[in-house]
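Written below as structure tokens is the structure these notes are about.
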Amino acid sequence: MTSAPELTVIQVTVSDPRVQPLLRELGHEYSTRYGKDAHAEISRYPDEEFTEPYGGLLLLLLEHGEPVAGGAFRRYDATTAELKRIWTHSAHRRRGLARRVIARLEREAAARGYRRIHLTTGPRQPEARGLYLATGYTPLFDTDADPETIGPLPFEKHLTPEAHPGKAPAP
């Protein structure tokens, strides 16, 4: 019986070359699904918003040193982190990697004093919608409505203050 490959979680900045597959594949996904240049969506927030001094974080999961999944959060408000750029490499989907990324981001956000997570996903991303529902996020929209009539689909999740209670998020 072969064991599953070991995954390493690393914190990186957007400028790290290992982030390029994440940005490239997300750009392709956005452009394919929404028919527009994805650069505006990917560059909407300054890179520093995904760093600790600004209350954010960018993580990659590496397998044999190669990025296979990743995600980030940024400071949304004083008590809320916003998940962004949740990604699984196209060659590594259906392995539960996105769930692992989300769980790690939630733990990291709670450790930094955040008490809530907010996120949005596009109406043409049913697998993302399913992922967030399956991982305990509350939809802030009518789930019976046609997603195309809603626009970005907002979700939230309240975090438990298990790690480092009382630590305030960075400004």
Side-chain angles (χ1 to χ4, degrees), residues 4-76 80-109 111-112 114 117-137 139 141 147-148 150-157 170:
E6 186 174 323
L7 295 172
T8 304
V9 179
I10 61 169
Q11 182 176 334
V12 294
T13 62
V14 175
S15 63
D16 188 305
R18 293 171 292 189
V19 176
Q20 287 308 305
L22 177 151
L23 297 175
R24 186 174 47 254
E25 284 200 351
L26 285 178
H28 177 74
E29 287 285 330
Y30 297 157
S31 296
T32 301
R33 293 177 192 233
Y34 301 103
K36 59 183 177 188
D37 178 21
H39 181 74
E41 175 58 30
I42 290 176
S43 63
R44 180 188 307 190
Y45 304 103
D47 293 350
E48 61 266 11
E49 287 195 24
F50 300 103
T51 64
E52 283 195 62
Y54 288 84
L57 181 72
L58 175 59
L59 298 176
L60 289 177
L61 266 63
L62 304 179
E63 185 174 85
H64 306 294
E66 295 298 319
V68 294
F73 64 77
R74 60 181 286 277
R75 185 177 194 270
Y76 187 74
T80 306
E82 179 180 21
L83 291 190
K84 301 299 287 177
R85 300 179 180 162
I86 305 302
W87 163 79
T88 301
H89 191 288
S90 57
H92 296 275
R93 295 192 176 148
R94 310 294 306 162
R95 295 176 48 196
L97 298 175
R99 285 176 183 252
R100 291 178 74 162
V101 167
I102 290 170
R104 182 62 175 260
L105 289 170
E106 289 172 359
R107 283 194 306 274
E108 295 290 341
R112 285 162 176 75
Y114 291 112
I117 291 187
H118 168 80
L119 65 90
T120 59
T121 192
R124 296 181 188 165
Q125 294 171 271
E127 62 286 312
R129 175 183 168 165
L131 171 67
Y132 300 129
L133 290 171
T135 53
Y137 283 78
F141 59 93
E148 290 287 333
I150 299 170
L153 308 177
F155 291 84
E156 74 173 355
K157 186 174 192 179

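- Separating the CD atom in Glu6 from the NE2 atom in His64 is a distance of 9.5 Å, to the nearest 0.5 Å.
- Between Trp87 and Val68, the shortest heavy-atom contact is CZ3-C, 3.9 Å.
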Handout entry: Full working for side-chain contact (heavy atoms from CB on, under 4.5 Å) between Val14 and Leu23
Key = CA-CA 9 Å; Val14 175; Leu23 297 175; 4.1 Å; yes
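- Residues Phe50 and Phe73 share a closest heavy-atom pair of CD2-O, 3.5 Å.
- Rounded to the nearest 0.5 Å, atoms OG1 (Thr80) and CG (Leu119) are 11.5 Å apart.
- With contacts defined as side-chain heavy-atom distances shorter than 4.5 Å, the pair Glu108/Gln11 does not qualify.
- Using a distance-only test at 3.5 Å, with no hydrogens or angles considered, no donor-acceptor pair links the side chain of Thr32 to the main chain of Glu29.
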Handout entry: Stepwise side-chain contact (heavy atoms from CB on, under 4.5 Å) test for Ile10 and Leu59
Key = CA-CA 6 Å; Ile10 61 169; Leu59 298 176; over 6 Å; no
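- Thr121 meets the side chain to side chain contact (heavy atoms under 4.5 Å, CB included) test with Gln125, Ala128, Tyr132, Leu153, Phe155; sequence neighbours excluded.
- Judged by the 6.0 Å distance and 45° axis criteria, Arg75 is not positioned over the aromatic ring of Tyr54.
- Residues Pro67 and Pro21 approach most closely at CG-CG, 3.9 Å, considering heavy atoms.
- For the pair Glu49 and Arg44, the salt-bridge criterion is not met [side-chain N within less than 4.0 Å of a carboxylate O].
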Handout entry: Intermediate values then yes/no, side-chain contact (heavy atoms from CB on, under 4.5 Å), Leu97 and Leu7
Key = CA-CA 10 Å; Leu97 298 175; Leu7 295 172; 3.5 Å; yes
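- For Glu106, the side chain to side chain contact (heavy atoms under 4.5 Å, CB included) criterion is met by Ile102, Ile117, Tyr137, Lys157, Leu159, not counting sequence neighbours.
- Every residue meeting the side chain to side chain contact (heavy atoms under 4.5 Å, CB included) condition with Ser15, not counting sequence neighbours, appears here in chain and number order: Thr13.
- Taking each heavy atom of Leu131 and Ala98 in turn, the nearest pair found is CD2-CB, 3.7 Å.
- A donor-acceptor contact shorter than 3.5 Å links the side chain of Tyr34 to the backbone of Arg124.
- Arg74 CZ to Arg85 CZ: the interatomic distance, rounded to the nearest 0.5 Å, is 10.0 Å.
- To the nearest 0.5 Å, atom CZ of residue Arg99 and atom OG1 of residue Thr88 are 11.5 Å apart.
- Of the possible donor and acceptor atoms, none in the side chain of Arg104 sits under 3.5 Å from a partner among the backbone N and O of Arg100.
- The two atoms that bring Pro123 and Pro147 nearest to each other are CB-O, 3.2 Å, heavy atoms only.
- For the atom pair OG1 of Thr120 and CD of Glu156, the computed distance is 13.5 Å after rounding to the nearest 0.5 Å.
- Residues Tyr30 and Glu25 are not in side-chain contact: their nearest non-hydrogen atoms beyond the backbone lie 4.5 Å or more apart.
- Between Arg18 and Glu66 no salt bridge is recorded (no basic side-chain N to carboxylate O distance below 4.0 Å).
- At a threshold of 4.0 Å, the pair Glu148-Arg33 does not count as salt-bridged, since none of the basic side-chain nitrogens sits closer than that to a carboxylate oxygen.
- Atoms CG and CG, on Leu22 and Leu61 in that order, are 11.5 Å from each other to the nearest 0.5 Å.
- The nearest pair of heavy atoms linking Leu105 to Ala72 is CD1-N, 3.6 Å.
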